[in-house]
Chemist: 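Before I ask anything, here is the structure I am working with.
Sequential numbering from 1 along the given sequence is applied to the chain's residues. FYI, side chains are in, hydrogens and waters are out, and symmetry mates aren't considered; it's all heavy atoms of this structure.
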Amino acid sequence: MALQIGLIGLPNVGKTTLFNALTGACAPVAPYPFTTLERNVGVAMVPDERLQRIAALVNPEEIVPTTIEFVDIAGLVKGASQGEGLGNQFLGHIRDVDAVCMVVRCFSAADIPHVTSELNPKDDIEVVELELALADLATVVKRLEKLRRQVKGDKGEYEEELELLERLHEVLSQGGQVRGLPLNAEEKEIMRPLNLLTNKPRLCVANVDEEALPSGNELTAAVKESAGAEVIVLCAELEAELLEWPQEEAQAYREEWGLEAPGLNRLIEASYRLLDLVTFFTTTGGREVRAWTVPRGTPAVEAAGKIHSDMKRGFIRAEIISYEDLMKAGSFARARERGLLHLEGRDYRIREGDIVHIRFHL
Ligand SMILES: Nc1nc2c(ncn2[C@@H]2O[C@H](COP(=O)(O)OP(=O)(O)O)[C@@H](O)[C@H]2O)c(=O)[nH]1
Ligand SMILES: [Mg+2]
């Protein structure tokens with residue numbers, strides 16, 4: 001399954017605009033709350049210059065980037081956890097995502113209503129965090145009640161879970177986040193099936209007016225202060241528009257404004273760092289150069305399974321060369337001559353930039 005990042009935030013902060021830019025999809029964007037009734041899942045291609053460089057050596061028929069999925073969720077309003085707006089329904093949607101990206105409005109457009117009359121990122125973040133905490137609180141309370149009924153007097157094997165739940169209850173009922181609580185491995189394991197929203201890895205996008213690029217302004221400073229997560233400053237509308245431009249013109253425009261990489265790339269890179277992912281490549285007999293995503297530390301046999309279940313089942317060995325070594329050698333043939341390809345077993349941990357050829361039997 002592809003990794004999923006859920007975009008959350010108040011209505012009219014630019015989630016759908018950002019989603020469209022990220023995924024090239026065309027979900028309806030409109031200047032009033034609750035346009036996004038259904039959640040939208042879109043696939044974003046992860047830009048990676050190495051793909052082209054490898055392809056230049058291999059001349060494949062196809063170049064396939066790796067992907068990451070974004071989920072666009074209807075806006076959260078105060079009271080969402082109690083069923084205001086679209087209520088719990090969409091909070092449920094984000095329980096499945098691997099990470100959450102909170103979009104915070106820092107753009108001013110007078111014709112687009114904000115849920116409150118003034119822009120105040122700090123308050124907006126608080127509203128969203130409180131709703132997430134309340135939704136988690138409801139989950140914890142439900143589990144607590146069930147356990148208490150089950151154990152009656154004797155806590156027995158549930159003692160640890162009950163203690164943990166009571167601790168979580170206290171934190172969440174004060175509007176706190178579970179993320180960052182000091183928990184031991186066992187406690188984390190107990191907590192996992194609850195799938196708590198405030199426990200998800202988090203990123204933040206400060207969606208600004210173009211004028212605030214590239215370095216931000218006092219609003220983005222406020223976001224950085226309150227987000228408790230990495231903050232990416234971008235202008236969603238500009239990102240969406242530049243996608244429509246010829247590449248060179250978009251690039252020239254960016255340079256003029258001092259924008260090094262497209263905001264989307266920065267967001268995708270930040271997602272990679274947050275989830276501790278690595279990219280590896282395959283060249284499939286020269287026909288297809290392709291990038292894949294796995295969590296850091298994934299063994300070769302699991303990486304093989306990502307490509308094809310047959311490769312996992314019949315795994316014999318992985319033949320590996322690092323991207324840097326391949327570039328230094330200038331071709332696979334020369335790399336082979338110089339002994340830069342190495343054979344690894346099923347437990348070899350895939351490294352960032354590895355070019356992997358799986359030997360397997362059917
Ligand atoms: N000026 C400006 N308007 C934006 C920006 N991003 C989104 N908008 C506008 O804000 C409105 C709401 O955007 P939308 O993406 O639907 O917000 P959502 O409710 O968070 O999904 C739309 O009219 C967008 O065109 C931005 O960066 N700058
Ligand atoms: Mg929307």
Chemist: So, applying side-chain contact (heavy atoms from CB on, under 4.5 Å) with Val104, which one of Thr220, Ile125, Val128 is it?
Modeler: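 The single option meeting the side-chain contact (heavy atoms from CB on, under 4.5 Å) with Val104 is Ile125.
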
Chemist: Would Leu165 and Leu144 count as a side chain to side chain contact (heavy atoms under 4.5 Å, CB included) here? Give the steps.
Modeler: CA-CA 7 Å; Leu165 288 170; Leu144 255 178; 3.7 Å; yes

Chemist: Using only heavy-atom distances, determine whether the side chains of Lys15 and Asn207 contain a donor-acceptor pair under 3.5 Å.
Modeler: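 Short answer, no.
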
Chemist: When hydrophobic residues are tied together by side-chain contacts of less than 4.5 Å, even through go-betweens, does Ile355 share a cluster with Val58?
Modeler: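 As far as the 4.5 Å side-chain criterion goes, Val58 and Ile355 are connected within one cluster.
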
Chemist: For Val356, does its backbone N or O pair with a side-chain atom of Asp354 as donor and acceptor, under 3.5 Å?
Modeler: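 No: the side chain of Asp354 does not pair with the backbone of Val356.
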
Chemist: Are any of the side-chain heavy atoms of Arg266 and Leu234 separated by less than 4.5 Å?
Modeler: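 Arg266 vs Leu234: side chains touch.
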
Chemist: Do Leu7 and Cys101 have side chains that approach each other closer than 4.5 Å (heavy atoms only, starting at C-beta)?
Modeler: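 A side-chain contact exists here, since the closest heavy-atom pair is under 4.5 Å.
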
Chemist: Under 3.5 Å, is there a donor-acceptor pair linking the side chains of Thr279 and Thr66?
Modeler: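 There is no such pair (donor and acceptor under 3.5 Å, judged by atom type) between the side chains of Thr279 and Thr66.
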
Chemist: Applying the side-chain contact (heavy atoms from CB on, under 4.5 Å) criterion to Pro201, which one of Ile5, Leu275, Val100 satisfies it?
Modeler: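 Option passing the side-chain contact (heavy atoms from CB on, under 4.5 Å) with Pro201: Leu275.
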
Chemist: If hydrophobic clusters are built from ILVMFWY residues whose side chains come within less than 4.5 Å, do Ile316 and Ile321 share one?
Modeler: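 Per the 4.5 Å side-chain linkage, Ile316 and Ile321 are not co-clustered.
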
Chemist: Say whether Trp292 and Thr282, considering side chains only, have a donor N or O and an acceptor N or O under 3.5 Å apart.
Modeler: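 There is such a pair between these side chains.
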
Chemist: Just to verify, what does Arg359 make a salt bridge (Lys or Arg N to Asp or Glu O under 4.0 Å) with, not counting sequence neighbours?
Modeler: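 Listed in chain order: Glu319.
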
Chemist: Test: salt bridge (Lys or Arg N to Asp or Glu O under 4.0 Å). Region: residues 237-250. Which pairs qualify, not counting sequence neighbours?
Modeler: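 Residue pairs with at least one partner in residues 237-250: Glu239-Arg254.
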
Chemist: Taking the side chain as every heavy atom from C-beta outward, state whether Ile54 and Met327 have any pair of such atoms under 4.5 Å apart.
Modeler: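 SC-SC contact between Ile54 and Met327 confirmed.
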
Chemist: Evaluate the side chain to side chain contact (heavy atoms under 4.5 Å, CB included) criterion for residues Glu225 and Lys122: first the C-alpha distance (whole Å), next the side-chain angles of each, then the deciding distance (0.1 Å), finally the verdict.
Modeler: CA-CA 8 Å; Glu225 209 165 281; Lys122 184 167 173 285; 5.6 Å; no

Chemist: Would you check if the side chain of Thr298 reaches a backbone N or O of Val294 as a donor-acceptor pair within less than 3.5 Å?
Modeler: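 Answer holds: no.
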
Chemist: What's the verdict on salt bridge (Lys or Arg N to Asp or Glu O under 4.0 Å) for Arg290 and Glu62, showing C-alpha distance, side-chain angles and the deciding distance?
Modeler: CA-CA 8 Å; Arg290 181 161 178 171; Glu62 245 190 306; over 6 Å; no

Chemist: Go through the steps for Val278 and Tyr272 under the test side chain to side chain contact (heavy atoms under 4.5 Å, CB included), then give the verdict.
Modeler: CA-CA 7 Å; Val278 298; Tyr272 256 65; over 6 Å; no

Chemist: We want to know whether Glu255 and Gln251 form a side-chain donor-acceptor pair, criterion being a heavy-atom distance below 3.5 angstrom.
Modeler: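 On atom types as modelled, these side chains qualify, holding a pair under 3.5 Å.
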
Chemist: Are Leu51 and Phe332 connected in the hydrophobic side-chain network, where two residues link if heavy atoms are under 4.5 Å apart?
Modeler: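 They do share one cluster, since a chain of ILVMFWY contacts under 4.5 Å joins Leu51 to Phe332.
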
Chemist: Checking Arg334 against Glu337 for the salt bridge (Lys or Arg N to Asp or Glu O under 4.0 Å) test, could you report, in this order, the C-alpha distance in whole Å, the side-chain angles of both residues, the deciding distance, and whether it holds?
Modeler: CA-CA 5 Å; Arg334 246 169 293 154; Glu337 275 166 31; 6.0 Å; no

Chemist: Is there a continuous path of hydrophobic side-chain contacts, each under 4.5 Å between heavy atoms, that joins Tyr253 to Val208?
Modeler: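 Yes, same cluster.
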
Chemist: Decide whether a cation-pi geometry holds between Arg313 and Phe315; the criteria are a distance under 6.0 Å from NZ or CZ to the six-membered ring centre and an angle within 45° of the ring axis.
Modeler: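 No, a cation-pi geometry is absent between Arg313 and Phe315.
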
Chemist: Given 3.5 Å as the limit, does a donor-acceptor pair link the side chain of Gln4 with the main chain of Val71, or not?
Modeler: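 Not at all, since once roles are kept as given, no pair shorter than 3.5 Å links the two residues.
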
Chemist: Do Ile320 and Leu341 have side-chain heavy atoms sitting under 4.5 Å apart?
Modeler: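 Not in contact.
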
